[in-house]
Asks: 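Structure in structure tokens, see below.
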Number of protein chains: 2
Amino acid sequence: MKKQVTQELVEMFAEAYHNLGYSSLMGKIVALLIASPEPLSLDDISEELQMSKGPISQICRKLKEHNLIEKAWIPGERKDFYKATDDIFGQAFRNYARNMQKNKLIAQKTMQALNQNGNGSTMEHLTNRMQEMEAFYELMKTHHENFLSEWHEVKSTPADL
Amino acid sequence: MKKQVTQELVEMFAEAYHNLGYSSLMGKIVALLIASPEPLSLDDISEELQMSKGPISQICRKLKEHNLIEKAWIPGERKDFYKATDDIFGQAFRNYARNMQKNKLIAQKTMQALNQNGNGSTMEHLTNRMQEMEAFYELMKTHHENFLSEWHEVKSTPADL
DNA sequence: TAGTTTGTTTGAAAAATTTCAAATGTTGTG
DNA sequence: CACAACATTTGAAATTTTTCAAACAAACTA
């Protein structure tokens, strides 16, 4: 049964999103849009998830801002329809990668603070750790880029933002 | 001032952890242990964060389970002391990578469900999406492994778990 | 313009998470 | 064994997040 499989997917995405610390409603909506061949309206989603439209509207906005879903124009219709972005998995990864690069900034900012204050050798330990941290996330950046371009090769879509 | 820099680091880690959906207390403890040249006791942490010991004990257990911190034996002392794991950044990444592989399982499980039920071509769309999803996380796995071995080369530590 | 349909915002209720203080366990010491 | 020094568990309080229902706003229709 179609409904059955979709519902299981919704539940698994909800749990996965929750475990990753996102709203589980996000996961549900994403799952629904991934599963559906046609775009869905807010009312469709609301009906499917048995939930009022308020939060769905809000979460859809966030998902759209993060390029995981997008509006789909449907000729005769007045409602907004949403569909999962073409490269939704790649896009989710891009969002994650951007977050990780913030960690590099933390390391850099901390090293800067260490330099400004008269850094006795008291903080040699922290300096070393921060250098390691920066190096780690710098290396990670390269790998993120590699992964994405390789993925887009497989998927044959352009790799730009 | 040492205290000042550490405190800023604690705040930044707290925010970063929170944004990634983890408890911000986790971030604070991790930051403190990264910053400190010597291992810290629960009381040290409790004092530094101005917070009762209960939650700190719990979070430390979780952090230890995830191999981000570990107990440090200190000769004359009776208290438990904790320190950040040697390769804490790599370890955090390993935890994340493990989580991502769960997504591959979701795709596989869904495809299996699609096959079991008489899959009319009604679900061709979802089948395709799930194949893409599986391929994505499979490719990601390779890249995770590459990244980790390259990182350990840089850091020159063994790459095994 | 008045009326209808739809999306968004908002303040309050519900649910989940975090924190605390106290009780309970555990381990070592005399 | 009794006591002391800790760590852990637990139930309640505080805080934060999620959800809802209703008000509001915007866009279309007649």
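Every chain is numbered from 1 and lettered A, B, ... according to where its sequence line falls, protein lines coming before strand lines.
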Asks: Measure CD1/A:Ile29 against C1'/D:dT19 and give the value in whole Å, please.
Replies: 12 Å

Asks: Among residues 37-54 of chain B, which residues get a heavy atom nearer than 4.0 Å to DNA chain C?
Replies: B:Met51, B:Ser52

Asks: Going by the angle between their ring planes, with limits at 30° and 60°, are B:Phe136 and A:Phe89 parallel, tilted or perpendicular?
Replies: tilted

Asks: How long is the line joining CD of B:Gln58 and P of D:dT10, in whole Å?
Replies: 9 Å

Asks: Under the ring pair (Phe, Tyr, Trp, His ring centres under 6.0 Å) test, which residues partner A:His144, sequence neighbours left out?
Replies: A:Phe93, A:Tyr96

Asks: For A:Lys104, is the NZ atom crowded, meaning more than 12 foreign heavy atoms sit under 6.0 Å from it?
Replies: yes

Asks: Using every non-hydrogen atom in the two residues, find where A:Ser46 and A:Ile56 come nearest and quote the distance to one decimal.
Replies: CA-CD1, 3.5 Å

Asks: Considering residues at least two apart in sequence or located in another chain, which fulfil the salt bridge (Lys or Arg N to Asp or Glu O under 4.0 Å) criterion with A:Lys79?
Replies: A:Asp43

Asks: Would you call A:Glu70-A:Lys64 a salt bridge at under 4.0 Å N-O?
Replies: no

Asks: Taking DNA chain C as the partner, which of residues 71-83 of chain A come within under 4.0 angstrom of it by heavy atom?
Replies: A:Arg78, A:Lys79, A:Asp80

Asks: Which heavy atom in B:Cys60 sits nearest to a heavy atom in B:Tyr82, and how many Å separate them?
Replies: CB-CZ, 4.0 Å

Asks: Between P on D:dT18 and CZ on A:Arg61, what's the gap in Å once rounded to a whole number?
Replies: 14 Å

Asks: First contact, last contact: which nucleotides of DNA chain C are these for chain A, 5' to 3', heavy-atom distance under 4.0 Å?
Replies: C:dT5 to C:dT17

Asks: Salt bridge or not between A:Lys155 and B:Glu132? Use side-chain N to carboxylate O under 4.0 Å.
Replies: yes

Asks: Between B:Glu38 and A:His125, is any side-chain donor less than 3.5 angstrom from a side-chain acceptor?
Replies: no

Asks: Considering residues at least two apart in sequence or located in another chain, which fulfil the side chain to side chain donor-acceptor pair (under 3.5 Å) criterion with B:Glu145?
Replies: none

